[in-house]
Amino acid sequence: MHEYLVEPIGADPTEFFYTLHSRRFSTLNRTYLLPVDHDEVKRSDIHHRLLQFVFKGRNYVGPVKEALQFGQHRRVLDLGTGAGTWAIDMADEFPRAEVVGVDLAPMQPSHVPPNCTFELCDLDQRWVPYPDAHFDVIHARALHIGIHDYPRFLREVARLLRPGGLVLLVEPTLAPCAPPNNHPPLHGWAALWDTYRACLTQQRIDVSVPERLPELLAATPGFENITVRDGNIPVGFWPQDPHLLSAGQLQWMDYELLLPALRPLLLCNGLPPSTVDRLIQDAQHDLYHPAFPPSTIIHIAYASKCL
Ligand SMILES: C[S@@+](CC[C@H](N)C(=O)[O-])C[C@H]1O[C@@H](n2cnc3c(N)ncnc32)[C@H](O)[C@@H]1O
């Protein structure tokens with residue numbers, strides 16, 4: 001068994017935060033440069049509600065219920081839990097399961113179902129500090145930009161899952177709102193996302209992970225029954241269908257919060273403040289006034305641990 005490095009959430013959560021360019025960040029991992037503050041909690045909540053629309057009112061796709069039918073101790077792990085909303089909803093839905101949400105920062109609510117707990121841990125380390133075959137379901141959503149070696153991370157996920165357990169990976173594309181055929185791109189929007197991807201690459205984050213989830217799962221020993229469920233999500237207020245309109249509004253709100261959240265990361269990569277502010281303003285302009293009805297892609301893949 002590996003040494004346990006999980007931190008209980010202590011009495012003084014301020015020790016887990018530092019401030020950079022007016023946003024709050026985690027002291028546990030100073031290379032993860034999206035904020036862990038109030039606006040990111042809001043964005044994490046919005047993202048969760050958006051995916052509930054996409055999953056038609058549910059918290060997941062795939063055989064999650066089936067994976068939680070066996071054994072006396074049913075355990076669910078949410079990696080990079082953010083505001084913890086997925087973990088909380090899963091704890092409500094499966095009251096006999098123990099749900100653990102793990103993150104770099106204590107930004108989850110304190111009033112949660114009794115079967116839900118949160119722990120602090122940097123998942124970008126060699127060992128994820130839980131025993132082998134401990135969990136029935138492992139969920140990791142919008143996490144890959146905090147993980148430098150995603151293949152190693154998946155090997156850890158395989159180790160932590162019991163045989164027959166399920167991993168569910170969800171990663172939004174890092175190239176959203178591509179133009180339809182023969183349509184010019186949203187230049188300001190595209191420039192910001194190109195720069196964001198270049199900064200992540202400079203920090204040795206593999207920006208191709210979202211598109212390659214099935215391939216990466218297939219390359220990890222121990223997974224089988226790999227299933228892909230990628231989806232298109234409208235961005236904005238253009239859909240006529242009320243269900244799609246709600247999804248589009250939520251995705252728009254998510255991006256509206258994300259654009260200023262990228263500022264510290266771009267500044268830390270050496271871009272001058274005037275360039276960063278112009279990039280963000282131009283992207284905001286395209287978000288508020290798109291030249292075509294934009295949509296984005298969410299990459300989803302799940303797999304079972306071999307029996
Ligand atoms: C974009 S948020 C997504 C939150 C949540 N999974 C959701 O879908 O709403 C990414 C989360 O992953 C956490 N994170 C990033 N890198 C991490 C790491 N190396 N170890 C643990 N958590 C990490 C961040 O602190 C943040 O809360």
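Heavy-atom basis, side chains included; hydrogens, waters and symmetry copies ignored.
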> Can you check whether Thr220 reaches Pro151 side chain to side chain, under 4.5 Å on heavy atoms?
Replying inline: no
Check residues 223-236 and write down every donor-acceptor pair under 3.5 Å in which the side-chain atom is one partner and the other belongs to a residue at least two apart or another chain.
unit_1	atom_1	unit_2	atom_2	d
Thr227	OG1	Asn225	O	3.3
Asp230	OD1	Ile300	N	3.0
Asp230	OD2	His299	ND1	2.9

> Any ion pair linking Asp78 and Arg141 (charged N to carboxylate O, less than 4.0 Å)?
Replying inline: no
> Can you name the closest pair of heavy atoms from Leu123 and Gly80 and give their distance?
Replying inline: CD1-N, 3.7 Å
>> If only side-chain N and O atoms count, and only distance matters, is there a donor-acceptor pair under 3.5 Å linking Glu15 with Thr27?
In response: no
> Can you find a heavy atom in the side chain of Thr19 that is under 4.5 Å from one in the side chain of Phe25?
Replying inline: no
> Do Ile205 and Thr201 touch side chain to side chain, with heavy atoms closer than 4.5 Å?
Replying inline: no
> Okay, side chain of Thr275, backbone of Leu271: is any donor-acceptor separation there less than 3.5 Å?
Replying inline: no
> Cluster question for you: counting only ILVMFWY and a side-chain heavy-atom cut-off of under 4.5 Å, with indirect links fine, are Tyr60 and Phe53 together?
Replying inline: yes
>> Please check: side-chain N/O of Asp124 versus main-chain N/O of His148, any donor-acceptor pairing under 3.5 Å?
In response: yes
> If Ile, Leu, Val, Met, Phe, Trp and Tyr residues are connected whenever their side-chain heavy atoms lie under 4.5 Å apart, and connections chain through other members, are Phe237 and Leu186 in the same group?
Replying inline: yes
> Any sub-3.5 Å donor-acceptor pair from Arg197's side-chain atoms to Val207's backbone N or O?
Replying inline: no
> Rounded to the nearest 0.5 Å, how far does CZ of Arg75 lie from CD1 of Ile138?
Replying inline: 11.5 Å
>> What I'd like to find out is whether the side chain of His134 reaches to under 4.5 Å of the side chain of Arg159, using heavy atoms alone.
In response: no
> Gln284: what forms a side chain to side chain contact (heavy atoms under 4.5 Å, CB included) with it, not counting sequence neighbours?
Replying inline: Leu259, Pro260, Ile280, Gln281, Tyr288
>> Using the rule that Ile, Leu, Val, Met, Phe, Trp and Tyr join whenever any side-chain heavy atoms are under 4.5 Å apart, tell me whether Leu257 and Leu192 fall into a single cluster.
In response: yes
>> A quick test of your reading: do over 12 heavy atoms of other residues, nucleotides or ligands sit less than 6.0 Å from NE2 of His38?
In response: no
> Yes or no on side-chain hydrogen bond (donor to acceptor under 3.5 Å, both in side chains) for Gln52 and Asp89, after CA distance, side-chain angles and deciding distance?
Replying inline: CA-CA 11 Å; Gln52 283 183 324; Asp89 280 1; 3.0 Å; yes
>> Just by distance, no angles: are the side chains of His187 and Asp286 close enough, under 3.5 Å, to form a donor-acceptor pair?
In response: no
> So, for Ile88 and Pro113, which heavy atoms are closest and what is the spacing to 0.1 Å?
Replying inline: CG2-CD, 3.7 Å
>> Using only atom types and a distance under 3.5 Å, with no angle test, would you say the side chain of Ser304 pairs donor to acceptor with the backbone of Cys306?
In response: no
> Nearest 0.5 Å, what's the CD1-OH distance between Ile147 and Tyr150?
Replying inline: 8.0 Å
> Out of Val167, Leu160, Val157, which residue meets the side chain to side chain contact (heavy atoms under 4.5 Å, CB included) rule with Phe135?
Replying inline: Leu160
> With the 4.5 Å side-chain cut-off for hydrophobic clustering, are Met90 and Phe55 part of the same group?
Replying inline: yes
> Ala303 and Leu217: which non-hydrogen atoms are nearest, and at how many Å?
Replying inline: CB-CD1, 4.2 Å
> Just how far is it from atom CG of Leu287 to atom CG of Asp282, taken to the nearest 0.5 Å?
Replying inline: 12.5 Å
> Glu98 side chain to Asn115 main-chain N or O, any donor-acceptor pair under 3.5 Å?
Replying inline: no
> Between Ala283 and Trp189, which heavy-atom pair has the shortest distance, and what is it?
Replying inline: O-CE3, 3.6 Å
> Between Phe94 and Val99, is any pair of side-chain heavy atoms under 4.5 Å apart?
Replying inline: no
>> Just verifying a value: how many Å separate Glu211 CD and Thr173 OG1, rounded to the nearest 0.5 Å?
In response: 4.5 Å
> Which one of Arg23, Arg24, Lys42 satisfies the side chain to side chain donor-acceptor pair (under 3.5 Å) criterion with Asp37?
Replying inline: Arg23
> Looking at CD of Glu119 and CG of Leu77, how far apart are the two atoms once the value is rounded to the nearest 0.5 Å?
Replying inline: 8.5 Å
> Is it true that Arg204 and Asp149 make a salt bridge, defined as a side-chain N closer than 4.0 Å to a carboxylate O?
Replying inline: no
> Hey, is the main chain of Leu161 close enough, under 3.5 Å, to the side chain of Lys305 for a donor-acceptor pair?
Replying inline: yes
>> Can you confirm whether Arg278 is buried at CZ, in the sense that more than 12 heavy atoms of other residues, nucleotides or ligands lie under 6.0 Å from that atom?
In response: no
> For Asp136, which residues count as a salt bridge (Lys or Arg N to Asp or Glu O under 4.0 Å) partner, sequence neighbours excluded?
Replying inline: Arg162
>> Could you see if Trp238 belongs to whatever hydrophobic cluster contains Tyr255? Use Ile, Leu, Val, Met, Phe, Trp, Tyr and a side-chain cutoff under 4.5 Å.
In response: no
> Taking atom types as modelled, is there a side-chain donor on Thr81 or Asp103 under 3.5 Å from an acceptor on the other?
Replying inline: no
>> I'd like to know whether Asp254 forms a side chain to side chain contact (heavy atoms under 4.5 Å, CB included) with Gln249, so could you lay out the CA-CA distance, the side-chain angles of the two residues, the decisive distance to 0.1 Å, and finally the verdict.
In response: CA-CA 9 Å; Asp254 178 341; Gln249 287 170 326; over 6 Å; no
> Quick one: do the Ser26 and Tyr18 side chains pair a donor with an acceptor below 3.5 Å?
Replying inline: no
> Quick check, are the ring centers of Trp193 and Tyr196 under 6.0 angstrom apart?
Replying inline: yes
> For the residue pair Glu171 and Ala140, what are the closest heavy atoms and their distance?
Replying inline: OE2-O, 4.5 Å
> What's the shortest heavy-atom distance between Leu33 and Cys268, and which atoms?
Replying inline: CD1-CB, 3.7 Å
> How far apart are the C-alpha atoms of Asp122 and Arg30, what are their side-chain angles, what is the distance that settles it, and do they pass the salt bridge (Lys or Arg N to Asp or Glu O under 4.0 Å) test?
Replying inline: CA-CA 10 Å; Asp122 181 3; Arg30 289 177 183 253; over 6 Å; no
>> In the structure I gave you, are the side-chain heavy atoms of Leu267 and Pro273 within less than 4.5 Å of one another anywhere?
In response: yes
> Just how far is it from atom OG1 of Thr31 to atom CD1 of Ile145, taken to the nearest 0.5 Å?
Replying inline: 10.5 Å
